[in-house]
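Atom set for the values below is all heavy atoms of this structure, side chains included, hydrogens, waters and symmetry mates excluded.
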Protein chains: 2
Amino acid sequence: MTGDPLSRVFAALADPTRRDIVARLSIGDATVGHLAEPYGVSVQAVSKHLKVLEDAGLVSRSRDAQRRPCHLEAETFELMTKWIERYRLQAEERFGRLDAVLAAMDDQHTTHHHHQGAAS
Amino acid sequence: MTGDPLSRVFAALADPTRRDIVARLSIGDATVGHLAEPYGVSVQAVSKHLKVLEDAGLVSRSRDAQRRPCHLEAETFELMTKWIERYRLQAEERFGRLDAVLAAMDDQHTTHHHHQGAAS
DNA sequence: GCTGTCGTCAACCAGATGGTTGACAACAAT
DNA sequence: ATTGTTGTCAACCATCTGGTTGACGACAGC
């Protein structure tokens with residue numbers, strides 16, 4: 001809708017209902033009606049949310065009779081993570097803490113347990 | 001201001017001017033007037049942007065006489081990256097592409113070790 | 001003391017956003 | 001062909017957002 005692709009992605013995820021929709025779609029595809037159930041909002045509102053997510057490239061919709069199954073486009077997340085990592089690392093480096101950050105990231109990937117409070 | 005912390009962070013970064021401010025602050029601290037120069041907006045507008053970034057926990061401001069040096073709080077980025085990675089990995093896993101994703105991430109870290117300039 | 005600079009606060013405005021309700025298109029089922 | 005289900009479109013409304021201008025507070029220098 002408005003602005004550049006990166007702005008659309010960030011704006012799309014700035015709403016808790018839309019983040020929740022993304023969370024549910026990460027489990028598996030779903031229809032609009034199915035997605036609308038848990039929230040206290042109308043189906044039209046959810047349809048709008050899905051349009052925002054679709055414009056951001058985070059969701060795609062196909063056809064199945066009168067249903068519109070929604071599918072999460074996970075690749076779009078990289079647009080954000082690339083931007084974030086770039087400036088986070090740059091800032092961390094200014095404090096000479098780059099090594100600690102990289103170590104924490106490696107730890108995060110190799111093991112799935114919660115992170116240690118090494119950052120400070 | 002509005003909503004939960006995660007929404008505030010995403011909303012703060014949904015604006016290109018604010019992302020640009022973050023990019024500049026990743027190079028080093030700066031005053032409000034100094035940050036306002038490159039954009040065709042008033043100092044008051046930039047002051048508002050900084051308030052949004054501060055409310056999101058992405059920026060902190062100290063005092064130096066009548067100046068208010070702005071400082072990037074890089075740790076707050078983790079709030080986002082954690083959320084993003086969680087659902088991205090979950091979605092990728094559904095396609096059996098988890099191995100490829102993890103490989104790409106490892107590659108990203110090893111290249112970062114030889115830092116700056118290459119990441120342009 | 002005045003004067004100038006840096007920044008915030010307050011009021012205002014146009015446009016976007018998130019929600020509602022009502023109408024309707026597309027398809028399935030009877 | 002009529003009925004029911006699924007979802008979108010359109011209009012409307014309240015609130016938020018990003019910008020403006022004007023006034024003011026805090027501080028440095030004359």
side-chain N/O [X] vs [N] OP1/OP2, d < 4.0 Å:
X: Arg67(B); N: dA26(D); result: no
X: Ser47(B); N: dT8(C); result: yes
X: His34(A); N: dT6(D); result: no
X: Arg63(A); N: dG7(D); result: no
X: Thr31(B); N: dG7(C); result: yes

Between atom [atom1] in [X] and atom [atom2] in [N], what is the gap in whole Å?
X: Phe10(A); N: dT17(C); atom1: CZ; atom2: P; answer: 16 Å
X: Gln66(A); N: dC27(C); atom1: CD; atom2: C1'; answer: 5 Å
X: Asp55(A); N: dT17(C); atom1: CG; atom2: C1'; answer: 13 Å
X: Leu53(B); N: dT8(C); atom1: CG; atom2: P; answer: 12 Å
X: Arg61(B); N: dC6(C); atom1: CZ; atom2: P; answer: 16 Å
X: Asp64(B); N: dT5(C); atom1: CG; atom2: C1'; answer: 13 Å
X: His49(B); N: dT8(C); atom1: NE2; atom2: C1'; answer: 15 Å
X: Tyr39(A); N: dT20(C); atom1: OH; atom2: P; answer: 14 Å

Of the nucleotides [options], which has the atom closest to the [X] side chain?
X: Ser42(A); options: dT6(D), dT20(C), dA26(D); answer: dT20(C)
X: Asp15(A); options: dG18(C), dG7(C), dG4(D); answer: dG18(C)
X: Lys48(A); options: dG18(C), dG19(D), dA23(D); answer: dG18(C)
X: Arg68(B); options: dA28(C), dG7(C), dT20(D); answer: dG7(C)
X: Val32(A); options: dC27(C), dG19(C), dT8(D); answer: dT8(D)

query: When all nucleic acid strands are considered with a 4.0 Å heavy-atom cut-off, which category describes Gly40(A): base, sugar-phosphate, or nothing?
result: sugar-phosphate
- prompt: NA contact type, Lys51(A), heavy-atom cut-off 4.0 Å: base, sugar-phosphate, or nothing?
  reply: nothing
statement: The side-chain hydrogen bond (donor to acceptor under 3.5 Å, both in side chains) partners of Thr31(B) (sequence neighbours excluded) come to none
statement: Closest to the 5' end of DNA chain D, once Leu50(A) and Ala11(B) are matched to their nearest nucleotides, is Leu50(A)
task: Would you state whether a donor and an acceptor, one from the side chain of Gln44(B) and one from the base of dG18(D), lie under 3.5 Å apart?
output: no
message: Whether the Asp4(B) and Ser7(B) side chains hold a donor-acceptor pair (N or O, under 3.5 Å, no angle test) is what I'd like checked.
response: yes
task: Determine, stepwise, if the pair Leu53(B) / Leu25(B) fulfils side chain to side chain contact (heavy atoms under 4.5 Å, CB included).
output: CA-CA 12 Å; Leu53(B) 289 168; Leu25(B) 290 179; 5.6 Å; no
query: Is any NZ, NE, NH1 or NH2 atom of the basic residue among Arg88(B) and Glu75(A) found under 4.0 Å from an Asp or Glu carboxylate oxygen of the other?
result: no
message: Any side-chain to backbone donor/acceptor pair from Arg18(A) onto Ala11(A)? Under 3.5 Å, distance only.
response: yes
query: Can you hop from Val22(A) to Ile84(A) via hydrophobic side chains spaced under 4.5 Å?
result: yes
